[in-house]
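Step one of this worksheet: look at the structure below.
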Protein chains: 2
Amino acid sequence: MVDGICEIKSVDRQKVIRVKEEMLSYTDVQELANIYKAMGDETRITILYALSCAELCVCELTQLLDISQSAISHQLRLLRNLRLVKYRKEGKQVFYSLDDEHILNLFSQGIAHIQHR
Amino acid sequence: MVDGICEIKSVDRQKVIRVKEEMLSYTDVQELANIYKAMGDETRITILYALSCAELCVCELTQLLDISQSAISHQLRLLRNLRLVKYRKEGKQVFYSLDDEHILNLFSQGIAHIQHR
DNA sequence: ATAACACATGAGCATGTATTCATATAAAGA
DNA sequence: TCTTTATATGAATACATGCTCATGTGTTAT
């Protein structure tokens with residue numbers, strides 16, 4: 001292969017050009033990657049799934065998750081920055097919930113995938 | 001907070017117990033994380049998206065992706081192991097395609113999410 | 001005012017991961 | 001057979017990430 005271009009005659013240049021035109025923009029790819037990256041961690045999946053069941057404060061999440069309160073707060077900040085969760089303060093407590101119904105759909109598609117095999 | 005249990009009287013123990021019962025199993029969480037982790041990388045998203053447009057050989061992917069052929073092969077192996085792509089040999093070439101229609105749904109949900117804001 | 005509590009955050013560390021480089025393998029052609 | 005081409009893979013490296021620990025911030029209660 002020379003310069004990433006294989007010389008096989010049968011390579012369908014037209015197909016490659018067509019696919020190139022259909023490709024996602026770089027910013028779209030980045031945004032998609034951020035969402036899937038957010039869901040690509042066992043702790044965050046557990047948090048998001050728990051929040052899909054009920055609105056929960058940090059303390060309650062800590063009771064559900066077997067890791068430190070600090071670790072959970074760090075992950076919540078990440079999810080907040082990506083706008084996957086929103087929060088509401090009530091006295092000393094902070095209650096988190098899902099910010100977007102699409103996340104539920106992402107979950108159900110993912111679950112459909114693992115059940116499919 | 002003592003031992004991960006906050007003493008606020010208003011904390012709804014019943015709610016926490018109910019959520020705990022609804023939680024995903026650890027293996028489900030792991031499998032979900034693996035899928036999202038696979039899609040949580042810009043290179044892999046680009047590969048998967050390209051394959052959603054057409055069946056492509058490694059050489060054609062190399063023309064589309066601006067990284068080395070080696071890097072692409074490494075990523076394809078990962079996607080193969082997760083059964084997100086399948087392949088077909090034809091002489092020297094190896095043609096890859098998506099292994100599962102759920103991935104398209106995962107994409108469309110993700111795209112819906114980034115367009116939603 | 002002071003203490004206790006719920007939560008957030010910075011630092012540091014250990015582990016994971018994505019890439020390149022060099023090289024191996026396998027098919028096709030000369 | 002010897003070379004070229006298409007792909008795969010192991011090693012090394014640079015970077016990202018998830019956790020804990022220590023501490024900071026803001027709120028409530030005494």
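The sequence lines fix the lettering, A, B, ..., with proteins before strands; numbering per chain opens at 1.
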Which atom pairs link the protein and nucleotides 9-12 of chain C when you take only N or O atoms and keep those under 3.5 Å?
residue : atom : partner : partner atom : Å
C:dT9   : OP2  : A:Arg80 : NH2          : 3.4
C:dT9   : O4   : A:Ser70 : OG           : 2.7
C:dG10  : OP2  : A:Arg77 : NH1          : 3.3
C:dG10  : O6   : A:His74 : NE2          : 2.9

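D:dG18 atom P lies 18 Å from atom CG of A:Asp66, rounded to whole Å. Here C:dA26 presents its C1' atom at 16 Å from CD of B:Glu90, a figure rounded to the nearest Å. B:Lys89 places its NZ atom 11 Å from the P atom of D:dT7, with the value rounded to the nearest Å. The CG-P distance, from A:Leu61 to C:dC7, rounds to 9 Å in whole Å. Spacing between atom CD of B:Glu60 and atom P of D:dT5 amounts to 17 Å, rounded to whole angstrom units. Look at CG on B:Leu76: it is 10 Å from C1' on D:dT7, rounded to the nearest Å. One can place NZ of B:Lys37 at 18 Å from P of D:dA16, the figure rounded to the nearest angstrom. Between the CD1 atom of B:Ile45 and the P atom of C:dA18 there is a distance of 12 Å, given to the nearest Å.
The two residues B:Gly110 and A:Leu106 make their nearest non-hydrogen contact at N-CD2, 3.8 Å. Closest of all the heavy-atom pairs between B:Gln63 and A:Lys20 is O-NZ, 3.5 Å.
For C:dT19, one of the phosphate oxygens OP1 or OP2 lies less than 4.0 angstrom from a side-chain nitrogen or oxygen of B:Thr43. Phosphate contact (OP1/OP2 of D:dA8, side-chain N/O of B:Tyr96, threshold under 4.0 Å): present. Listed pair A:Arg44 / D:dG18 meets the phosphate criterion, a side-chain N or O lying under 4.0 Å from OP1 or OP2. Put simply, B:Gln75 has a side-chain N or O that comes within less than 4.0 Å of OP1 or OP2 on C:dT19.
Residue-to-nucleotide proximity on DNA chain D shows that, of A:Gly91 and A:Ile67, the 5′-proximal contact is made by A:Ile67.
With no hydrogens or angles considered, no side-chain donor-acceptor pair links B:Thr27 and B:Glu31 at under 3.5 Å. A side-chain N or O of A:Tyr26 and one of B:Glu42 form a donor-acceptor pair less than 3.5 Å apart.
At least one donor-acceptor pair under 3.5 Å links the side chain of A:Ser108 to the backbone N or O of A:Asn105. One N or O on the side chain of A:Arg44 and one on the backbone of A:Lys37 form a donor-acceptor pair closer than 3.5 Å.
Of the residues B:Lys86, B:Glu55, B:Arg88, B:Arg80, the one that meets the side chain to side chain donor-acceptor pair (under 3.5 Å) test with B:Tyr96 is B:Arg80.
For B:Val58, taking side-chain heavy atoms from C-beta onward, the closest of the listed nucleotides D:dT7, D:dG18, C:dC7 is D:dT7. Taking every side-chain heavy atom of B:Lys92 into account, C:dA28 is the closest of C:dA28, D:dT7, C:dA8.
Heavy atoms of A:Tyr87 sit nowhere under 4.0 angstrom from any nucleic acid atom.
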